[in-house]
Visitor: 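Sharing a structure here in structure tokens format.
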Amino acid sequence: MLDPKLLRESPDLVRAAIQKKHLEVDIDAVLSVDAAWRSRLHDVETLRSRQKAANNEMVALKKGSPEFIAKVGEMKAVSAEVKQREAELAEIETAWRQAMLSLPNLPHSSVPEGRTPEQNAVFSSHGNIDALSPVAKAHWEIPGFDHLFDFGRGAKVTGAGFPFYVGDGARLVRALLNFFLEEAAAAGYLEVSPPILVNAASATATGQLPDKEGQMYETAVDHLYAVPTAEVPLTNFFRDEILAEESLPVHRCAYTPCFRREAGSYGKDVRGLNRLHQFDKVELLKWVHPSQSYVELDLLRDDAERLLRKLELPYRVLLMCGGDLGFAQAKKYDLEVWAAGQKRWLEVSSCSNFEAFQARRAQIRYRSRETGKPELVHTLNGSGLAVPRVLAAILENNLQPDGSVRIPTALVRFFGRDHLRFPA
RNA sequence: GGAGAGGUGGCAGAGUGGUCGAAUGCGCACGCUUGGAAAGCGUGUGUAGGGCAACCUACCGAGGGUUCGAAUCCCUCCCUCUCCGCCA
């Protein structure tokens with residue numbers, strides 16, 4: 001949510017910023033709802049003030065006296081009007097809230113212009129993609145793949161996009177998760193294991209609701225949502241709280257399975273481990289002082305990049321252009337790893353600064369030493385990292401002529417062996 | 001899931017229809033006192049919205065209702081605690 005005051009005082013600034021995201025938003029409509037809401041609020045407050053004054057007068061009167069009875073009669077009319085006006089106000093308030101929730105976050109000034117993914121800026125590149133395995137194959141074409149990553153039985157048991165990981169497949173997933181979590185802890189992130197079902201208030205605070213409920217799995221009876229990312233429960237940890245300024249920045253990490261309905265994708269994009277309905281991910285999260293959020297964003301990105309460097313995977317960093325930024329982000333970097341078999345980049349991390357957008361929805365604040373008043377924190381998060389695509393890149397890039405896969409050195413102590421062999 | 005108790009400001013805890021945004025205590029901040037400190041005394045100390053100044057309004061778990069008037073009465077829901085049941 002945006003600051004309503006900013007919208008009122010600088011609507012043109014908001015208009016221009018949203019234009020950079022190439023989203024269609026009717027600012028004038030929002031402004032007119034805002035004006036209507038304020039006007040109705042004034043009406044109701046004036047009436048309530050009269051009620052209060054009358055109440056104070058009646059206290060001094062003798063109950064049942066003619067003056068008292070006259071006053072009751074007089075205030076009955078006011079009471080009826082208050083009721084009606086309050087109902088109107090409630091209606092406008094709902095519309096006002098909806099209108100405010102429909103406004104996206106404003107992009108930071110350093111975000112490049114652009115409308116499509118092709119216009120994202122390549123921020124940096126690391127590693128040599130030409131020096132990779134000459135025998136590289138798309139991971140799903142590696143002989144024996146189906147034994148360690150059983151999509152057929154997953155489809156039987158649940159549906160497409162819910163694979164079983166079997167034997168060394170499962171072990172490799174676990175090794176990666178442990179590696180990610182150990183690295184995050186070493187970088188100063190406190191590990192948290194959150195609930196993986198969340199309520200509507202939590203999903204609203206992080207920006208999944210309203211409008212994106214179609215991308216989440218929802219439970220039928222209790223109307224809870226399966227988390228699309230640990231960002232949701234983790235960000236909401238401090239919902240409606242005021243933190244001590246000294247406690248900032250707060251750095252935390254969490255592993256959860258992530259659930260995404262992802263309607264509308266098909267073809268090569270969704271083959272193998274490229275895109276799943278359920279996958280494992282470690283998420284890094286920060287709550288920071290507003291003055292530090294862009295410094296913290298660079299550090300966050302570096303924490304994610306370090307994982308790829310240690311896994312010896314070639315990767316590049318994209319700085320997302322305005323049109324490819326998400327609804328809630330002010331600035332975002334994507335980390336893409338090279339998959340030598342598919343000869344394509346796979347997104348494995350997304351590091352974003354949300355500034356106060358989520359914090360305002362979630363009411364996460366800190367008490368300013370300077371003013372003594374509560375101020376909104378800035379929230380940031382980044383994947384560190386998503387397992388299946390990292391796994392895919394390792395399988396493809398490290399495939400050996402004998403059909404085995406070399407395990408990256410950093411991962412060996414978690415996997416237990418230096419090579420993965422597929423069953424015949 | 002069943003029975004009971006309860007949810008009030010940073011914490012504890014009063015308040016059962018009207019002058020209650022809410023006593024009191026603790027905590028915290030500032031001041032007085034002191035060589036310094038403690039004690040003592042005094043003052044202050046929630047959040048949000050509107051005007052953006054005085055001021056006004058809202059908030060006593062959430063939502064609805066009764067009433068001229070609700071922290072207080074009624075209904076629904078949520079949560080916590082105790083006991084029982086079930087269970088990894």
Side-chain angles (χ1 to χ4, degrees), chain A residues 1-11 30-101 103 193-205 209 219-225 233 236-248 257 356 359-377:
Chain A
M1 195 143 80
L2 297 180
D3 184 352
K5 288 197 173 100
L6 178 71
L7 180 66
R8 277 171 212 147
E9 288 160 16
S10 319
V30 179
L31 282 171
S32 98
V33 171
D34 185 53
W37 170 69
R38 281 191 289 169
S39 148
R40 265 293 178 280
L41 184 63
H42 181 76
D43 294 347
V44 168
E45 289 192 349
T46 305
L47 283 168
R48 279 208 274 245
S49 183
R50 268 182 71 192
Q51 274 188 314
K52 237 181 159 168
N55 191 44
N56 289 340
E57 287 173 41
M58 289 170 78
V59 167
L61 295 173
K62 202 172 153 59
K63 238 176 217 172
S65 67
E67 298 92 329
F68 190 91
I69 291 165
K71 205 77 192 167
V72 168
E74 184 194 326
M75 292 316 291
K76 261 187 186 179
V78 175
S79 178
E81 197 183 349
V82 166
K83 208 167 247 185
Q84 192 199 325
R85 295 282 175 172
E86 274 183 342
E88 289 167 9
L89 179 66
E91 204 171 305
I92 293 183
E93 223 155 43
T94 304
W96 181 85
R97 188 173 158 73
Q98 242 165 23
M100 288 306 296
L101 285 174
L103 296 179
S193 180
I196 57 174
L197 294 178
V198 296
N199 57 33
S202 294
T204 303
L209 295 178
T219 65
V221 178
D222 300 299
H223 298 290
L224 298 173
Y225 298 90
N236 278 280
F237 187 91
F238 291 120
R239 174 145 57 86
D240 298 322
E241 294 192 31
I242 299 173
L243 309 174
E245 184 169 351
E246 302 78 61
S247 70
L248 300 179
R360 180 172 286 105
R361 288 181 173 214
Q363 286 297 300
I364 304 170
R365 294 172 290 175
Y366 69 96
R367 190 169 299 280
S368 164
R369 258 186 310 233
E370 206 177 312
T371 65
K373 292 285 169 197
E375 307 281 353
L376 296 167
V377 302

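Throughout, protein chains are lettered first and strands after them, A, B, ... in sequence-line order, and every chain is numbered starting at 1. All figures in this text were calculated on a predicted structure; none of them were measured in a lab.
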Visitor: Select from A/M75 and A/P374 the residue whose nearest nucleotide in RNA chain B is closer to the 5' end of that strand.
Guide: A/P374
Visitor: Say we look at B/C55 and B/G7: how far apart would their C1' atoms be, to the nearest angstrom?
Guide: 34 Å
Visitor: Between atom NE2 in A/H223 and atom P in B/C77, what is the gap in whole Å?
Guide: 15 Å
Visitor: For RNA chain B, what is the dot-bracket line, given that a base pair needs Watson-Crick (N1 to N3, plus N6-O4 or O6-N4) or G-U wobble (N1-O2 and O6-N3) geometry with both distances under 3.5 Å, and | means paired with another strand?
Guide: ((((((((.[[[..)..(.....]]]((((((.......))))))(((((....))))).[[[[[..)....]]]]])))))))....
Visitor: Roughly how far, to the nearest 0.5 Å, is NZ of A/K5 from CG of A/L7?
Guide: 12.5 Å
Visitor: Measuring only the P atom in each nucleotide, how far is B/G15 from B/G63? A whole number of Å is fine.
Guide: 25 Å
Visitor: Please list, pair by pair, any protein nitrogen or oxygen found under 3.5 Å from a nitrogen or oxygen in nucleotides 59-67 of chain B.
Guide:
{"residue": "B/U66", "atom": "OP2", "partner": "A/K83", "partner atom": "NZ", "Å": "3.0"}

Visitor: Under 3.5 Å, is there a donor-acceptor pair between the side chain of A/R40 and the main chain of A/R85?
Guide: no
Visitor: Using atom P in both nucleotides, what's the gap between B/C26 and B/A38 to the nearest angstrom?
Guide: 16 Å
Visitor: Rounding to an integer number of angstrom, what distance separates B/A70 and B/G17 when you compare their P atoms?
Guide: 14 Å
Visitor: What's the gap between B/C68 and B/C84 when it is taken at their P atoms, as a whole Å value?
Guide: 49 Å
Visitor: Taking atom P of B/G9 as reference, at what distance in whole Å does atom CG of A/D240 sit?
Guide: 14 Å
Visitor: Please list all pairs meeting side chain to side chain donor-acceptor pair (under 3.5 Å) that have one or both residues in residues 72-84 of chain A, counting only residues at least two apart or in different chains.
Guide: A/Q84-A/E88
Visitor: Residues in side-chain hydrogen bond (donor to acceptor under 3.5 Å, both in side chains) with A/N199, at least two apart?
Guide: A/S202
Visitor: Enumerate all atom pairs, one protein N or O and one N or O from nucleotides 18-20 of chain B, separated by less than 3.5 Å.
Guide:
{"residue": "B/G18", "atom": "N7", "partner": "A/K63", "partner atom": "NZ", "Å": "3.1"}
{"residue": "B/G18", "atom": "N2", "partner": "A/N55", "partner atom": "OD1", "Å": "2.5"}
{"residue": "B/G18", "atom": "N3", "partner": "A/N55", "partner atom": "OD1", "Å": "2.8"}

Visitor: With a 3.5 Å distance limit and no angle check, can you tell me whether A/E9 reaches the backbone of A/L6 through a side-chain donor-acceptor pair?
Guide: no
Visitor: What integer number of Å spans the P atoms of B/U24 and B/G44?
Guide: 12 Å
Visitor: Nearest whole angstrom, please: distance from the C1' of B/G49 to the CD1 of A/I92.
Guide: 15 Å
Visitor: Is there a donor-acceptor contact under 3.5 Å from the side chain of A/E375 to the main chain of A/S368?
Guide: no
Visitor: Sequence neighbours left out, what pairs pass ring pair (Phe, Tyr, Trp, His ring centres under 6.0 Å) with at least one residue falling in residues 48-85 of chain A?
Guide: none
Visitor: Excluding sequence neighbours, so at least two apart, what forms salt bridge (charged side-chain N to carboxylate O under 4.0 Å, His left out) with A/E91?
Guide: none
Visitor: B/C41 and B/A53: how far apart are their C1' atoms, nearest whole angstrom?
Guide: 35 Å
Visitor: Pick the closest RNA chain B nucleotide for A/I242 and for A/H42 by heavy atoms, then say which residue is nearer the 5' end.
Guide: A/I242
Visitor: With rounding to the nearest 0.5 angstrom, report the OG1 to CZ distance, A/T204 to A/R97.
Guide: 7.0 Å
Visitor: Please list, chain by chain and in numerical order, all residues satisfying salt bridge (charged side-chain N to carboxylate O under 4.0 Å, His left out) with A/E67, sequence neighbours excluded.
Guide: none
Visitor: Side chains of A/V30 and A/M100: does their closest heavy-atom pair fall under 4.5 Å?
Guide: yes
Visitor: Hey, does the side chain of A/R40 come within less than 4.0 Å of B/G50's phosphate (OP1/OP2), counting only N and O?
Guide: no
Visitor: Rounded off to whole Å, could you give me the NZ-to-P distance for the A/K373 and B/G46 pair?
Guide: 8 Å
Visitor: Identify all side-chain donor-acceptor contacts of residues 44-53 of chain A below 3.5 Å with residues at least two apart in sequence or on another chain.
Guide:
{"residue": "A/T46", "atom": "OG1", "partner": "A/H42", "partner atom": "O", "Å": "2.8"}
{"residue": "A/R48", "atom": "NH1", "partner": "A/E86", "partner atom": "OE2", "Å": "2.0"}

Visitor: Roughly how many Å is it from CG in A/D34 to C1' in B/G49, rounded to a whole number?
Guide: 12 Å
Visitor: To the nearest Å, give me how far apart CG (A/L224) and P (B/C79) are.
Guide: 10 Å
Visitor: Could you give the CZ-to-P distance, from A/R85 to B/A58, as a whole number of Å?
Guide: 17 Å
Visitor: Does A/L103 reach the side chain of A/M1, with side-chain heavy atoms less than 4.5 Å apart?
Guide: no
Visitor: Rounded to the nearest angstrom, tell me the gap between atom CD in A/E67 and atom C1' in B/C68.
Guide: 15 Å
Visitor: When all nucleic acid strands are considered with a 4.0 Å heavy-atom cut-off, which category describes A/W37: base, sugar-phosphate, or nothing?
Guide: sugar-phosphate
Visitor: With sequence neighbours excluded, what pairs up with A/R239 under the salt bridge (charged side-chain N to carboxylate O under 4.0 Å, His left out) test?
Guide: none
Visitor: Pick the C1' atom in B/U19 and in B/G69, then give their distance to the nearest Å.
Guide: 12 Å
Visitor: I need a per-nucleotide contact map over nucleotides 52-57 of chain B, read 5' to 3'. Cutoff is protein heavy atoms under 4.0 Å; write B for the base, S for backbone only, - otherwise.
Guide: B---BB
Visitor: Excluding sequence neighbours, so at least two apart, what forms side-chain hydrogen bond (donor to acceptor under 3.5 Å, both in side chains) with A/E57?
Guide: A/K71
